[in-house]
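In the text below, chain A, chain B and the rest are named by the order of the sequence lines, each starting its count at 1.
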Amino acid sequence: MSDDVIAPRFKIGDPVRVKAQYPPGHIRTPWYIRGKVGSIGGYLGSYWNPEKSAEGGDGKPDRMVYHVHFEQAQLWPDYHGNDSDELVVDLQDHWLEAASPQELEAGNLP
Amino acid sequence: MSDAETNRGQHDIGGLNVDSLIDRSEHRLSLSERRVDAMMNLLFAPDRKIFNIDEMRRAIETLPSDLYENYNYYERWTLAMEKLLIGKGIMTPEEIAAKVAEIKVRLKEAGVSV
């Protein structure tokens, strides 16, 4: 973790959408979570951007990494687990955009 | 396959249906696996910084699919290290081939099958 102090852009509980972007190159945001709406669960601190440093260099500037929570039943149409099951994904700030409470409520299934 | 789908990394398979379950069994590391790990740490070392861990991961994930699928974890590491060292002009394919040939001769003389 970096010593740089970075103010988080989102608050705990904020609805967020993972950007529905599919660029080439070294990407750390899993394919299946892109475009999905979840909520901020916690802060992991600020880190260099591995998608940049994968091409050499230090990957600066650092960016906040969040725990983002998703409802499992809202990710997989055939999910057979408990309704309360959650998936927690570590995502870096540049992959997130603000979403509305209504969008979070509406969920991710078509 | 859409243009976007072609950008999906071969490692990025979460949520896809697969034919077989992931083998999650552990094994005792072999001497050669430990050596690969040691070599990696030497290449990452702060006083060398030949490459960083993210370049390494990118090199593994962008191996040709036949290599990626048919080689195990530490074998992929060696292939990725080779790719990065050649890409950065630190070693040449000819130098590596010559060294491998030399080692094979040595092993043969020692009675080790290769």
Side-chain angles (χ1 to χ4, degrees), chain A residues 1-2 18-38 46-63 65 68-81 85-92 94-95 107-110, chain B residues 1-22 24 39-65 67-69 73 76-91:
Chain A
M1 185 163 54
S2 134
V18 184
K19 290 179 182 172
Q21 293 179 359
Y22 305 89
H26 182 71
I27 301 299
R28 290 290 178 88
T29 295
W31 187 275
Y32 68 84
I33 211 70
R34 299 186 211 170
K36 307 295 186 189
V37 177
S46 52
Y47 292 84
W48 74 91
N49 178 2
E51 297 174 346
K52 278 175 66 181
S53 57
E55 294 166 13
D58 61 9
K60 299 281 183 180
D62 288 352
R63 296 142 191 260
V65 179
V68 184
H69 290 231
F70 301 88
E71 288 182 35
Q72 289 279 27
Q74 283 295 327
L75 292 176
W76 316 108
D78 54 354
Y79 188 72
H80 298 305
D85 285 353
E86 284 188 327
L87 176 75
V88 181
V89 186
D90 302 346
L91 294 165
Q92 216 160 16
H94 62 284
W95 270 97
N108 292 304
L109 294 180
Chain B
M1 191 183 277
S2 67
D3 286 347
E5 189 72 18
T6 62
N7 290 335
R8 185 174 189 153
Q10 58 188 332
H11 62 286
D12 192 357
I13 59 173
L16 294 180
N17 290 316
V18 292
D19 297 329
S20 56
L21 292 176
I22 294 170
R24 299 175 68 176
M39 181 66 69
M40 178 83 79
N41 278 286
L42 290 171
L43 292 165
F44 285 167
D47 58 342
R48 291 190 188 82
K49 283 193 180 167
I50 306 292
F51 46 75
N52 67 47
I53 194 167
D54 303 314
E55 290 175 280
M56 184 65 190
R57 191 162 150 182
R58 180 184 184 209
I60 294 168
E61 292 166 358
T62 55
L63 286 171
S65 60
L67 298 182
Y68 189 86
E69 286 164 20
Y73 185 76
R76 290 176 188 167
W77 280 28
T78 60
L79 292 166
M81 282 191 268
E82 183 179 352
K83 184 162 87 171
L84 285 167
L85 288 169
I86 292 170
K88 287 173 184 284
I90 294 168
M91 299 180 89

Around atom [atom1] of [X], are there more than 12 heavy atoms of other residues, nucleotides or ligands at under 6.0 Å?
{"X": "Leu42(B)", "atom1": "CG", "answer": "yes"}
{"X": "Asp47(B)", "atom1": "CG", "answer": "yes"}
{"X": "Leu67(B)", "atom1": "CG", "answer": "yes"}
{"X": "Ile86(B)", "atom1": "CD1", "answer": "yes"}
{"X": "Asn17(B)", "atom1": "CG", "answer": "no"}

Which atom pair, heavy atoms only, marks the closest approach of Asp12(B) to Thr29(A)?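 Of all heavy-atom pairs spanning Asp12(B) and Thr29(A), the closest is OD2-O, 4.1 Å.
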Got [X] and [Y] here, is their nearest side-chain heavy-atom distance under 4.5 Å?
{"X": "Trp31(A)", "Y": "Leu16(B)", "answer": "no"}
{"X": "Arg28(A)", "Y": "Asp54(B)", "answer": "yes"}
{"X": "Glu55(A)", "Y": "Arg58(B)", "answer": "yes"}

Short question: side chain of Asn52(B), backbone of Gly57(A) - any donor-acceptor pair under 3.5 Å?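 Yes, the answer is positive, given that a donor and an acceptor are paired below the 3.5 Å cut-off.
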Where does Ile27(A) contact chain B at under 4.5 Å (heavy atoms): side chain, backbone, both or neither?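 Only the backbone of Ile27(A) comes within 4.5 Å of chain B.
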